[in-house]
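In this text, all values refer to a predicted model and were calculated from it rather than measured experimentally.
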Amino acid sequence: MMGAIAHEQARQLRSAVDKMFHELSDSSGVPESARNAFLRLVDVLESNSEVIVLPSETFMTTQQAADLLGVSRMTVVRLIDRGELVTEGGGVHRRIAAAELARYRAASAARRRAALQELSQEIDDSTPPDQVIRTR
């Protein structure tokens, strides 16, 4: 998968972040967690072409949440109604925290990985050919 930045650019950014934090640590006590956050951001930029960085306390409308998740607004409404997404407010003007969307995306990705892992365990060399769908 191609990221938002190339591997060489990511390497240069990591080096610059390390240098900057090394210089800052000599004069002011910048926490290690700040350095780690910047390095994590570089990792994400390198590995993902569609990166969105938001403060976790940012709240979004159901349409904005749908755009971020790549689903319809009605799907987000259904997720809220089923309790899979937690919202603030009620009625017509429901807002979803960015942290809640991140939690949902991570949980959803974990469920997909587990399902694929389970499916792959069911298929081996002894599986009859009529039970295997070849895609290529």
Notebook entry, point to check: Pairs in or reaching into residues 34-85: which pass ring pair (Phe, Tyr, Trp, His ring centres under 6.0 Å), with residues at least two apart or in two chains?
Noted result: Phe21-Phe38

Note to self: Taking atom CZ as the centre, does Arg40 end up with more than 12 heavy-atom neighbours from other residues, nucleotides or ligands that are less than 6.0 angstrom away?
What the structure shows: no

Next item on the list: Answer yes or no: are there more than 12 heavy-atom neighbours, outside Arg103 itself, under 6.0 Å from its atom CZ?
Entry: yes

Margin query: Checking one residue: Met74. Which other hydrophobic residues are in its cluster under the side-chain 4.5 Å linking rule?
Written below: Val77

Margin query: Minimum heavy-atom separation for Ala98 and Pro55, please, with both atom names.
Written below: CB-O, 3.6 Å

Note to self: Measuring from atom CD of Glu84 to atom CD of Glu100, what distance do you get when rounded to the nearest 0.5 angstrom?
What the structure shows: 10.5 Å

Check: According to the salt bridge (Lys or Arg N to Asp or Glu O under 4.0 Å) rule, which pairs have a member within residues 28-37, sequence neighbours left out?
Finding: Asp18-Arg35, Glu32-Arg35

Item checked: Pairwise distance CG(Leu54) to CG(Leu68) - rounded to 0.5 angstrom -> 6.5 Å

Next item on the list: Any chance you could measure Glu46, atom CD, to Leu13, atom CG, to the nearest 0.5 Å?
Entry: 9.5 Å

Checklist line | Value rounded to 0.5 Å, distance of OG in Ser47 from NE2 in His7 | finding: 12.5 Å

Checklist line | Nearest-0.5 Å distance, CG of residue Leu41 to CZ of residue Arg14 | finding: 10.5 Å

Next item on the list: Output the distance between atom OG1 (Thr62) and atom CG (Asp67), rounded to the nearest 0.5 Å.
Entry: 9.5 Å

Check: Given Thr87 and Arg95, is the side-chain contact (heavy atoms from CB on, under 4.5 Å) satisfied, shown in steps?
Finding: CA-CA 5 Å; Thr87 63; Arg95 298 288 185 256; over 6 Å; no

Check: Do Val76 and Val86 share a hydrophobic cluster, counting only Ile, Leu, Val, Met, Phe, Trp and Tyr and linking them when any side-chain heavy atoms are less than 4.5 Å apart?
Finding: no

Check: Going only through I, L, V, M, F, W and Y residues with side-chain contacts under 4.5 Å, is there a path from Ile96 to Val71?
Finding: yes

Margin query: Counting only heavy atoms not in Glu118 (residues, nucleotides, ligands), do more than 12 fall under 6.0 Å from its CD?
Written below: no

Next item on the list: Could you pull out the closest heavy-atom pair between Ala10 and Val42, with the gap in Å?
Entry: O-CG1, 3.6 Å

Next item on the list: Would you kindly say whether Arg11 and Ser15 are connected by a side-chain donor-acceptor distance under 3.5 Å?
Entry: no

